[in-house]
Peer 1: 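Right, I'll just put the structure down here and ask away after.
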Amino acid sequence: MVESKYTHVKVNNEIELCEVYDKETKEKVKKAFFGAGISFFIKFKKAAPGRECRFVICVNSSQRGAAKTAILRKVPGAGEIVRFFDDLKFVKGNASSFKRAVVAKTTVS
């Protein structure tokens with residue numbers, strides 16, 4: 001087998017898009033993704049207190065917008081039953097990889 005220069009390169013562009021708390025919603029999200037041609041995978045996590053189960057849905061970062069649109073269009077009541085991670089108040093440990101810069105205002109004399 002011939003190896004290319006990319007054989008040993010690991011590419012990890014998957015992001016956690018959202019989480020759902022029941023199997024019916026998970027199936028609706030899967031159908032929405034199949035219809036839109038979005039690649040995804042689902043992680044099963046330990047159930048949150050008071051929830052039946054917890055599924056974290058991951059997509060390629062380049063398909064984030066299309067995936068969110070597919071969910072909002074195809075899953076009835078998605079605003080209440082799907083928790084998206086891109087909303088700043090839901091992202092745990094959301095810290096920018098770039099430090100904020102202080103911009104000084106200059107005046108021209």
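Keep in mind it's a predicted model, so treat the numbers as computed, not measured.
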Peer 1: Please name all residues satisfying side chain to side chain donor-acceptor pair (under 3.5 Å) with Thr69, sequence neighbours left out, ordered by chain then number.
Peer 2: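 Thr69 satisfies side chain to side chain donor-acceptor pair (under 3.5 Å) with no residue once adjacent residues are dropped.
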Peer 1: Does Lys43 have any salt bridge (charged side-chain N to carboxylate O under 4.0 Å, His left out) partners at least two apart in sequence or in another chain, and if so, which?
Peer 2: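 With neighbours one apart ignored, the set is Glu16.
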Peer 1: Mind running side-chain contact (heavy atoms from CB on, under 4.5 Å) on Val82 and Ile57 for me, showing each step along the way?
Peer 2: CA-CA 10 Å; Val82 178; Ile57 299 168; over 6 Å; no
Peer 1: Assess whether side-chain contact (heavy atoms from CB on, under 4.5 Å) is satisfied between Val29 and Val75, documenting all intermediate values.
Peer 2: CA-CA 7 Å; Val29 170; Val75 178; 4.0 Å; yes
Peer 1: Let me confirm one number: the CD1-NZ distance from Ile81 to Lys28, rounded to the nearest 0.5 Å.
Peer 2: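 Output value for this atom pair is 5.5 Å.
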Peer 1: Taking only residues two or more places apart in sequence, or in another chain, which ones meet Ser61 in a side-chain contact (heavy atoms from CB on, under 4.5 Å)?
Peer 2: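 Here the qualifying residues are Asn13, Ile15.
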Peer 1: Apply ring pair (Phe, Tyr, Trp, His ring centres under 6.0 Å) to Phe33 and list each qualifying residue two or more places apart in sequence or on a separate chain.
Peer 2: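 Once residues adjacent in sequence are excluded, the partners of Phe33 under the ring pair (Phe, Tyr, Trp, His ring centres under 6.0 Å) criterion are Phe40.
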Peer 1: Give me the one residue out of Arg83, Lys45, Lys26 that meets side chain to side chain contact (heavy atoms under 4.5 Å, CB included) with Glu19.
Peer 2: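 The single option meeting the side chain to side chain contact (heavy atoms under 4.5 Å, CB included) with Glu19 is Arg83.
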Peer 1: Carefully, step by step, assess Leu17 and Phe85 under the rule side-chain contact (heavy atoms from CB on, under 4.5 Å).
Peer 2: CA-CA 6 Å; Leu17 177 70; Phe85 290 120; 5.8 Å; no
Peer 1: Quick test of your reading: applying ring-ring contact (aromatic ring centres under 6.0 Å, His included), list the pairs with at least one residue in residues 50-73, sequence neighbours left out, ordered by first then second residue.
Peer 2: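 Of all non-adjacent pairs touching residues 50-73, those that pass ring-ring contact (aromatic ring centres under 6.0 Å, His included) are Phe44-Phe55.
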Peer 1: With sequence neighbours left out, write down each residue that passes salt bridge (charged side-chain N to carboxylate O under 4.0 Å, His left out) with Lys30, or none if nothing qualifies.
Peer 2: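 Scan of Lys30 (salt bridge (charged side-chain N to carboxylate O under 4.0 Å, His left out), adjacent residues dropped) gives Glu27.
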Peer 1: Taking all non-hydrogen atoms of both residues into account, name the closest pair between Ile71 and Ala78 and its distance.
Peer 2: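 Nearest pair, atom of Ile71 first, then Ala78: O-CB, 3.9 Å.
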Peer 1: Which pair of heavy atoms, one from Ala70 and one from Ala36, lies closest together, and at what distance?
Peer 2: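 For Ala70 and Ala36, the tightest heavy-atom pair comes out as CB-CB, 4.1 Å.
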